[in-house]
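Here is the structure we will look at.
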Amino acid sequence: MAGLDPLGGFILWFTGMSGAGKSTLSTAVRRRLEGGHSVEVLDGDEVRTFLSRGLGFTRPDREENIRRIGYVARVLARHRVAVISAAISPYRESRNEVRRLATEAGIPFIEVYAQASLEALVQRDVKGLYKKALAGEIPHFTGISDPYEPPESPEVTVRTDSETVEAGVQRILAALLERGLTAQR
């Protein structure tokens, strides 16, 4: 079919705590991929506004949010779109379910862990949400009063508190290139 990317679609799943750099990395990766792929970014905040409105921050609601993102990502990837998801996705079981369903559908799934120390996250937080959560003023705050379960074996880990964005992007692109998912580096 004319207009389709020569390379197939895939899911690049960013996970990490609030402020860890998921959106920053995903935007930078998107810019690098756009010349050779159709690319869509599913940003956690935007998805909550348009696709998951009404869901709260209980574990069942967070899991449903991730299922919805995973479903949309699979639909897009089946149509040869490079899908970049940037959502906290705090629960390992939910992320593993998304990976399993993608794999069963023949869609490559690459997990990227945007990792930063709590101290760095507090320093970056211009809204002061971490300070409020640490003071007990915000219930269900991921990594403080609600769990964040880091991935056990992500394909790429980017230490956003000690690496540059460009260094992280280069390692992500190298992982995609190594798997034959992009011709760009």
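Separating the CG atom in Asn96 from the CD1 atom in Ile66 is a distance of 12.0 Å, to the nearest 0.5 Å. In this structure, the separation between CZ on Arg68 and CG on Leu42 is 14.0 Å, given to the nearest 0.5 Å. Going from atom CD of Glu93 over to atom CD of Glu63 covers 6.0 Å, rounded to the nearest 0.5 Å. We find the OG-CZ distance between Ser89 and Phe14 to be 11.5 Å, quoted to the nearest 0.5 Å.
Residues forming a side-chain contact (heavy atoms from CB on, under 4.5 Å) with Val165 (at least two apart in sequence, or on another chain): Thr24, Leu25, Ala28, Val169. Listed by chain and residue number, nothing satisfies the salt bridge (Lys or Arg N to Asp or Glu O under 4.0 Å) test with Glu46 (two or more places apart in sequence, or in another chain). The side-chain hydrogen bond (donor to acceptor under 3.5 Å, both in side chains) search around Glu104 returns Arg100, not counting sequence neighbours. Applying the side-chain hydrogen bond (donor to acceptor under 3.5 Å, both in side chains) test to Arg92 and every residue at least two apart in sequence or in another chain returns nothing.
Put simply, the side chain of His37 gets close to the backbone of Leu181: a donor and an acceptor are under 3.5 Å apart. With Arg124 contributing its side chain and Gly19 its backbone, the two residues share a donor-acceptor pair below 3.5 Å. Under a 3.5 Å cut-off, the side chain of Asp161 and the backbone N or O of Ser117 do form a donor-acceptor pair. At distances below 3.5 Å, not a single donor-acceptor pair connects side-chain atoms of Lys22 with backbone N or O atoms of Ala87. Side-chain N or O atoms of Thr160 include one that pairs as donor or acceptor with a backbone N or O of Ala20 at under 3.5 Å. Between the side chain of Arg78 and the backbone N or O of Ala105 there is no donor-acceptor pair closer than 3.5 Å.
When side chains are defined from C-beta on, Gln170 counts as touching Arg32, because their heavy atoms get closer than 4.5 Å. Val122 is not listed as a side-chain neighbour of Asp125, based on a closest heavy-atom distance of 4.5 Å or more. Counting heavy atoms from C-beta outward, Val39 and Val81 have side chains that stay 4.5 Å or more apart. Between Arg59 and Asp146 the shortest side-chain heavy-atom distance does not fall below 4.5 Å. For the pair Leu12 and Ser85, the minimum side-chain heavy-atom distance is 4.5 Å or more. Side-chain contact between Glu155 and Arg179 is present, with at least one heavy-atom pair separated by less than 4.5 Å.
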Side-chain donor/acceptor pairs under 3.5 Å, residues 107-116, sequence neighbours excluded:
| residue | atom | partner | partner atom | Å |
| --- | --- | --- | --- | --- |
| Glu111 | OE1 | Arg99 | NH2 | 3.4 |
| Glu111 | OE2 | Arg95 | NE | 3.0 |

Under 3.5 Å, which donor-acceptor pairs do the side chains of residues 126-140 form with other protein atoms, sequence neighbours left out?
| residue | atom | partner | partner atom | Å |
| --- | --- | --- | --- | --- |
| Tyr130 | OH | Ser18 | N | 3.4 |
| Tyr130 | OH | Ser18 | O | 2.6 |

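Annotation: cation-pi pair Arg62/Phe57 absent, no NZ/CZ under 6.0 Å from the ring centroid and within 45° of its normal.
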Q: Could you walk me through whether Thr27 and Val41 pass the side chain to side chain contact (heavy atoms under 4.5 Å, CB included) test, one step at a time?
A: CA-CA 8 Å; Thr27 298; Val41 175; 6.0 Å; no
Q: Show your working on side chain to side chain contact (heavy atoms under 4.5 Å, CB included) between Val156 and Val158 and close with a plain yes or no.
A: CA-CA 6 Å; Val156 181; Val158 180; 3.9 Å; yes
(Q) Before you tell me yes or no, could you show the steps for Leu173 and Leu176 under side chain to side chain contact (heavy atoms under 4.5 Å, CB included), namely the whole-Å CA-CA distance, both residues' side-chain angles and the distance that decides it to 0.1 Å? (A) CA-CA 5 Å; Leu173 293 174; Leu176 295 173; 4.3 Å; yes
(Q) For a side chain to side chain contact (heavy atoms under 4.5 Å, CB included) check, start with the C-alpha distance between Val29 and Ile84, then their side-chain angles and the critical distance, and finish with the verdict. (A) CA-CA 9 Å; Val29 170; Ile84 301 171; 4.0 Å; yes
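Both Ile88 and Phe141 are part of a single hydrophobic cluster, where members link through side-chain heavy atoms under 4.5 Å apart. The same ILVMFWY cluster, assembled from side-chain heavy atoms under 4.5 Å apart, contains both Val98 and Leu76. Tyr91 and Trp13 fall into different hydrophobic clusters, where Ile, Leu, Val, Met, Phe, Trp and Tyr residues are linked whenever their side-chain heavy atoms come under 4.5 Å apart, directly or through other members. Tyr71 and Leu101 fall into different hydrophobic clusters, where Ile, Leu, Val, Met, Phe, Trp and Tyr are joined by side-chain heavy atoms under 4.5 Å apart, directly or via other members.
Using modelled atom types and a 3.5 Å distance limit, the side chains of Gln123 and Glu119 yield no donor-acceptor pair.
Salt bridge Glu40/Arg30: absent, no basic N to carboxylate O contact under 4.0 Å.
The minimum heavy-atom distance between Thr142 and Pro90, with the atom names listed, is CG2-CB, 3.8 Å. Across every non-hydrogen atom of Ala82 and Phe10, the tightest pair is CB-CZ, 3.5 Å. A pairwise comparison of heavy atoms in Ile11 and Ala73 identifies CD1-CB, 3.7 Å as the closest pair.
With a 6.0 Å radius and a threshold of 12 heavy atoms from other residues, nucleotides or ligands, Glu166 has its CD atom above the threshold.
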